[in-house]
Amino acid sequence: MGYTWQYYDLVLAGIFLSLVLGVLVGQLTAMEPTTAVVGFSFVAAAVMGHGLFVNGPVDQPTDLTDEVDALN
């Protein structure tokens, strides 16, 4: 059985790629590296926000009300 890409695999890849692009833009263009990394970090934060709030890991909001057992 082969591996299939899932949504959260793409979220993780999007976070990584946006930060790598920030470093590359900062090194290969006239833009300051700090500015480029901070700018692309906002893109990574937007990808994380989409993964958490728009397409969250639960099916229904009522799934969040289930109590969790203690980790003993």
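Count residues from 1 along the sequence. Only this structure's heavy atoms are used, side chains among them; waters, hydrogens and symmetry mates stay out. Just so we're clear, the structure is a prediction, and the values are computed from it rather than from any experiment.
Here F40 contributes atom CZ and L17 contributes atom CG; the two are 11.0 Å apart, rounded to the nearest 0.5 Å.
Pairs of residues two or more places apart, or lying in two chains, that qualify as side-chain hydrogen bond (donor to acceptor under 3.5 Å, both in side chains) and include a residue from residues 44-58 are Y7-H50. The list of side-chain hydrogen bond (donor to acceptor under 3.5 Å, both in side chains) pairs with a residue in residues 16-30, not counting sequence neighbours, is empty.
Both L21 and M31 are part of a single hydrophobic cluster, where members link through side-chain heavy atoms under 4.5 Å apart.
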Begin with the C-alpha distance, continue with both residues' side-chain angles, and end with the deciding distance and a verdict on side chain to side chain contact (heavy atoms under 4.5 Å, CB included) for V47 and F16. CA-CA 10 Å; V47 170; F16 177 74; over 6 Å; no

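Across T4 and Q6, no two heavy atoms sit closer than the pair OG1-NE2, 3.2 Å.
For the pair S41/L19, a side-chain contact is recorded, criterion being any heavy-atom separation below 4.5 Å from C-beta on.
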